[in-house]
A.B. asks: 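Sharing a structure, written as structure tokens. Questions coming.
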Amino acid sequence: MLTRIDHIGIACFDLDKTVEFYRSTYGFEVFHSEVNEEQGVREAMLKINETSDGGASYLQLLEPTREDSTVAKWLAKNGEGVHHIAFGTADVDAEAADIKEKGVRVLYEEPRRGSMGSRITFLHPKDCHGVLTELVTSAPVESSEH
Ligand code: V0V
Ligand code: CO
């Protein structure tokens, strides 16, 4: 079951400036930030609200760390804006398998490491009416504290 909007991924050219826009305009603070070398992004998570499944919803601001990253490629083509939406689930493996059976391309054989120790996979935007869609299972609370 998909139980929340885990995050909305927003691609930007300058992470620090974009973070400052969300802080000064809306009052959203950075909850967590990290570099994900595999994905080629530097990111800031802004927590918007907690959700009834024990998780939370975030904005994920993304700046590319290298020119060959998916986000750099997307920015060059589209400019800044909403890049993907991520649904939260307790079991990303089972969700990905179910969705794959429905004929939607799942981009990874096995979920990979996402923000804050989560496990993530993506669905091809061309199979999702133009929306790059991510599935996320958050890290257990104990391990996300390390
Ligand atoms: C590409 N397309 C998109 C899109 N990216 N459509 C909607 N939203 C997007 N974000 C369209 C593009 O316009 C093309 O359509 C077509 O898909 C093929 O795109 P492409 O430019 O040739 O690029 P590809 O095929 O090399 O790569 C596209 C995919 C790639 C989706 C396969 O971006 C990918 O693997 N994404 C998953 C990983 C990712 O995005 N990581 C960054 C976030 P036309 O022009 O042919 O019609 S990392 C993250 O979220 C983390 C760490 C986290 O949440 O924890
Ligand atoms: Co994401």
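Ligands are counted one by one from 1 in listed order, and the atoms in each one are counted from 1 as well. Along the sequence shown, residues are numbered consecutively beginning with 1. Note: hydrogens, waters and symmetry copies are ignored here, and every other heavy atom, side chains too, is used.
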A.B. asks: I want to check something: taking the side chain as every heavy atom from C-beta on, are T133 and F122 in contact at a cut-off of under 4.5 Å?
C.D. replies: no

A.B. asks: Determine, for K17 against E20, whether the closest basic-nitrogen to carboxylate-oxygen distance falls under 4.0 angstrom.
C.D. replies: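 Answer for the salt bridge query: no.
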
A.B. asks: Picking from L15, V35, V71, what satisfies side-chain contact (heavy atoms from CB on, under 4.5 Å) with E63?
C.D. replies: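 Of L15, V35, V71, side-chain contact (heavy atoms from CB on, under 4.5 Å) with E63 is met by L15 alone.
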
A.B. asks: Is any side-chain N of the basic residue among R112 and E38 closer than 4.0 Å to the acidic one's carboxylate O?
C.D. replies: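 Yes, charged N to carboxylate O under 4.0 Å.
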
A.B. asks: Ignoring hydrogens, what is the shortest heavy-atom contact between E43 and S115? Give both atom names and the distance.
C.D. replies: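 Taking every non-hydrogen atom into account, OE2-OG, 2.6 Å.
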
A.B. asks: Applying side chain to side chain contact (heavy atoms under 4.5 Å, CB included), name anything that partners T18, two or more places apart in sequence or on another chain.
C.D. replies: C12, Y22, L61, E80

A.B. asks: At a cut-off of 2.8 Å, list the protein N/O/S atoms near the Co ion (ligand 2), residue plus atom name.
C.D. replies: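 Near the Co ion (ligand 2), the protein supplies H7 NE2, Q60 OE1, H84 NE2, E134 OE1.
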
A.B. asks: Between ligand 1 and the protein, which N/O pairs are shorter than 3.5 Å?
C.D. replies:
{"residue": "ligand 1", "atom": "10 (N)", "partner": "W74", "partner atom": "NE1", "Å": "3.4"}
{"residue": "ligand 1", "atom": "10 (N)", "partner": "H83", "partner atom": "O", "Å": "2.9"}
{"residue": "ligand 1", "atom": "13 (O)", "partner": "K77", "partner atom": "NZ", "Å": "2.9"}
{"residue": "ligand 1", "atom": "15 (O)", "partner": "K126", "partner atom": "NZ", "Å": "3.2"}
{"residue": "ligand 1", "atom": "23 (O)", "partner": "K73", "partner atom": "NZ", "Å": "3.3"}
{"residue": "ligand 1", "atom": "26 (O)", "partner": "K73", "partner atom": "NZ", "Å": "2.7"}
{"residue": "ligand 1", "atom": "40 (O)", "partner": "T70", "partner atom": "OG1", "Å": "3.3"}
{"residue": "ligand 1", "atom": "41 (N)", "partner": "Q39", "partner atom": "OE1", "Å": "2.8"}
{"residue": "ligand 1", "atom": "41 (N)", "partner": "T70", "partner atom": "OG1", "Å": "3.4"}
{"residue": "ligand 1", "atom": "45 (O)", "partner": "K77", "partner atom": "NZ", "Å": "2.7"}
{"residue": "ligand 1", "atom": "47 (O)", "partner": "K126", "partner atom": "NZ", "Å": "2.6"}
{"residue": "ligand 1", "atom": "50 (O)", "partner": "Q60", "partner atom": "OE1", "Å": "3.1"}
{"residue": "ligand 1", "atom": "50 (O)", "partner": "H84", "partner atom": "NE2", "Å": "3.0"}
{"residue": "ligand 1", "atom": "50 (O)", "partner": "E134", "partner atom": "OE1", "Å": "3.0"}
{"residue": "ligand 1", "atom": "54 (O)", "partner": "H7", "partner atom": "NE2", "Å": "3.0"}
{"residue": "ligand 1", "atom": "54 (O)", "partner": "Q60", "partner atom": "OE1", "Å": "3.0"}
{"residue": "ligand 1", "atom": "54 (O)", "partner": "Q60", "partner atom": "NE2", "Å": "2.9"}
{"residue": "ligand 1", "atom": "54 (O)", "partner": "E134", "partner atom": "OE1", "Å": "3.0"}
{"residue": "ligand 1", "atom": "54 (O)", "partner": "E134", "partner atom": "OE2", "Å": "2.7"}
{"residue": "ligand 1", "atom": "55 (O)", "partner": "Q60", "partner atom": "NE2", "Å": "3.3"}
{"residue": "ligand 1", "atom": "55 (O)", "partner": "S115", "partner atom": "N", "Å": "2.7"}

A.B. asks: Sequence neighbours left out, what pairs pass side-chain hydrogen bond (donor to acceptor under 3.5 Å, both in side chains) with at least one residue falling in residues 116-125?
C.D. replies: D93-R119

A.B. asks: Are V82 and I8 packed together at the side-chain level, in the sense that at least one heavy-atom pair is separated by less than 4.5 angstrom?
C.D. replies: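 Yes. Closest side-chain heavy atoms under 4.5 Å.
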
A.B. asks: Where is the tightest heavy-atom contact between T89 and R4, given as atom of each residue plus distance?
C.D. replies: N-NH1, 4.4 Å

